[in-house]
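Taking it in order: structure first as structure tokens, then the write-up.
As a basis for the values below, the full set of heavy atoms in this structure was taken, side chains included, without hydrogen atoms, waters or symmetry mates. Proteins get letters first, then strands, A, B, ... in listed order; numbering begins at 1 in each.
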Protein chains: 2
Amino acid sequence: MQQDEPGRPEEQATATEAGGALYRRVAADLREAISTGAYGEAGRLPAEGALAEQYGVSRGTVRQALAVLRADGLVTSRRGTRRVVLGNARVQSFSELLSFTHWARSMGEEPGGRLESLLRRPADAAECEQLRLEPGAEVYVTLRLRTLSGAPVMVERTIYPPHVGVLVAQLPADVVSHTEHLREHGILFTDADHTIDVVTANGDDARLLGCRRGAPLLRERRRTTDPTGRPVEWSQDRYLPGTVAFSVHNSLATSALSRHARADD
Amino acid sequence: MQQDEPGRPEEQATATEAGGALYRRVAADLREAISTGAYGEAGRLPAEGALAEQYGVSRGTVRQALAVLRADGLVTSRRGTRRVVLGNARVQSFSELLSFTHWARSMGEEPGGRLESLLRRPADAAECEQLRLEPGAEVYVTLRLRTLSGAPVMVERTIYPPHVGVLVAQLPADVVSHTEHLREHGILFTDADHTIDVVTANGDDARLLGCRRGAPLLRERRRTTDPTGRPVEWSQDRYLPGTVAFSVHNSLATSALSRHARADD
DNA sequence: CGGGCGAAGTTGGCTGACCAACTTGACCAC
DNA sequence: GTGGTCAAGTTGGTCAGCCAACTTCGCCCG
């Protein structure tokens, strides 16, 4: 039943940085197939065994690929029945979340930025805690206005530890993407914790974003670490309402999002 | 060694449904060990092989357990080096996100709720789309005020498809947790898509929450499905600022969060 | 015609094994 | 010292196989 594509063991994998790992290629292929509707809106996927044979890999590898899709909320999965297609793809991508520039470009908008201030000063207690520094260490503090196609949408306050800050400090003020430059200098961003809430605009926010003082802003705070677990930035972004929304998927299997009381720091 | 608890195959295990699966128990044990600081703040975990021997399981099972911790942002993981402890535990838990009641209780607060209205009416186009219903199907619409220790914090507007709505409709108005009651009636919540942004309070919001009209509220919209992929609710929660914050972890490996332009529905 | 039972199909979970890719640190040559 | 090389340690990825738990559906019996 159903046209198997007999002589297509595996191959090409096209765009998206062709993940070298087999299971990534399988996952990418399945994601593609799902998003083009090959299995229908709420259709059922082939059995793991069938997929394994189709791709010429072991069932374990197929399961690894399916775990990726499940984590992305593309398919369900429960014992006893075939997997069911849940939704049609999601934008996802770690870098889109991390880098304003990357995110903007992926939407076809032109990102802009203006460095308002950059200074070096001793870290306070909270900053030492977040960036895991010894008391008295110096941090670099930046304040930037971010724009989409010229219109201001976000104010970004970032605190860098010394080893990252020195690199940021010597960057020209008109560099659009700090993240990309830092990557080229060996600073990698791999893990991030985000907290999202609402705050009111202070004087700086109002002046830069062109809103009233006290106007509501959507705030995203994040602490980012490199592969070794060392903090590389602690940032606070304040968005004008209506410009962004944050979106998450979670399931009983893989939950990453949580709701907190606002008693934090 | 140390596989203690000989006569405790599985069971109750405190709140969080202690998964009977081996890898879940290993994950829970490691989570506990990490949060008590057994490996230090930024310390290194034992090698997979060592853990496997320690727990008397195969390395594959240990890897499965570690994948859970990695997804929760507790440890890093890269080829060549031991895993590094990232942060001290996180509240997580799917049900805390899903159920206001569950979340409140986990914080030691007393959740309350008052059903403001419940009506049945034909679904509009957007609702049919979200709940995957045929045009003209009837939906159940509820409006509830949610409180923490008596103080109003959130207004919840939920739209249920017929098969769930009929159950909700016959619930007493003073039932605190709809979710738990529905679970007892065989309605399971397993997957959810969330979108978080800022909106302004309308007349109903202002009256119920005791804020000004036009005051900013943190909005969470979610669509929840059961294990078969069938939508079971489409809800919109509006929180008073300062009462909650949403928190997410993501990494290059597992990304679930994304940032969108606010052009949606 | 309805309901219960059982078999087939399917995913969850676990094991043991193997190799590749990468990191780290020690050692050695310059 | 300085720098390069090498070996050991560790995680990533893949495979093949086995059993348990669960869902579905058809069949049979009352």
Side-chain angles (χ1 to χ4, degrees), chain A residues 1-2 9-10 13 18-28 30 39 43-71 75-86 186 188 190 226-230 251-254, chain B residues 3 9-10 17-28 30 39 43-71 75-85 186 188 190 226-230 251-254:
Chain A
M1 50 275 296
Q2 155 167 10
E10 102 242 20
L22 258 183
Y23 79 92
R24 286 184 188 280
R25 276 183 279 173
V26 173
L30 286 173
Y39 299 115
R44 285 159 61 193
L45 252 53
E48 294 174 357
L51 288 172
E53 195 170 356
Q54 192 177 95
Y55 286 102
V57 300
S58 76
R59 191 183 149 220
T61 299
V62 168
R63 284 176 64 78
Q64 226 170 327
L66 289 170
V68 174
L69 301 188
R70 182 186 54 183
V75 298
T76 64
S77 108
R78 59 181 177 139
R79 199 175 333 210
T81 48
R82 295 262 186 90
R83 284 187 213 307
V84 176
V85 175
L86 257 190
L188 298 176
T190 58
D226 67 14
T228 71
R230 186 150 74 141
S251 75
L252 270 181
T254 64
Chain B
Q3 62 282 359
E10 101 239 20
E17 70 224 301
L22 257 183
Y23 79 92
R24 287 183 188 279
R25 275 183 281 175
V26 173
L30 287 173
Y39 298 115
R44 284 159 60 194
L45 252 55
E48 295 174 354
L51 288 172
E53 194 170 355
Q54 191 179 99
Y55 286 103
V57 301
S58 75
R59 191 183 149 220
T61 299
V62 169
R63 284 175 62 77
Q64 226 170 329
L66 289 171
V68 174
L69 301 188
R70 182 186 56 183
V75 299
T76 64
S77 106
R78 58 183 178 138
R79 197 175 334 211
T81 49
R82 295 263 186 87
R83 275 171 228 268
V84 175
V85 175
L188 298 176
T190 57
D226 67 14
T228 71
R230 185 149 74 141
S251 75
L252 271 180
T254 62

Answer yes or no: is there a side-chain heavy-atom contact under 4.5 Å between [X] and [Y]?
X       : Y       : result
A:Glu48 : A:Arg83 : yes
A:Leu30 : A:Tyr39 : yes
A:Leu66 : A:Leu45 : yes

Practice prompt. Verify side-chain contact (heavy atoms from CB on, under 4.5 Å) between A:Gln64 and A:Val26, making sure each step is shown before the conclusion.
Written response: CA-CA 9 Å; A:Gln64 226 170 327; A:Val26 173; over 6 Å; no
Discussion item. Consider side chain to side chain contact (heavy atoms under 4.5 Å, CB included). Of A:Val75, A:Thr81, A:Val84, A:Thr76, which one does A:Arg44 pass it with?
Written reply: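 Result: among A:Val75, A:Thr81, A:Val84, A:Thr76, A:Val84 is the only option passing the side chain to side chain contact (heavy atoms under 4.5 Å, CB included) with A:Arg44.
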Worksheet item: Starting at the 5' end of DNA chain D and moving along, which residue's nearest nucleotide shows up first, A:Val62 or B:Thr228?
Response: A:Val62
Listed pairs, N/O of protein and of nucleotides 9-13 of chain C, under 3.5 Å:
unit_1, atom_1, unit_2, atom_2, d
C:dG9, N2, A:Gly80, O, 3.1
C:dT10, OP1, A:Arg82, NE, 3.0
C:dT10, OP1, A:Arg82, NH2, 2.4
C:dT11, OP2, A:Glu48, N, 2.9
C:dG12, OP1, A:Ser77, OG, 2.5
C:dG12, OP2, A:Glu48, OE2, 3.4
C:dG12, OP2, A:Arg63, NH1, 3.0
C:dG12, OP2, A:Arg83, NH1, 3.3
C:dG12, OP2, A:Arg83, NH2, 3.3
C:dG12, N7, A:Arg59, NH2, 3.0
C:dG13, OP2, B:Tyr23, OH, 3.4

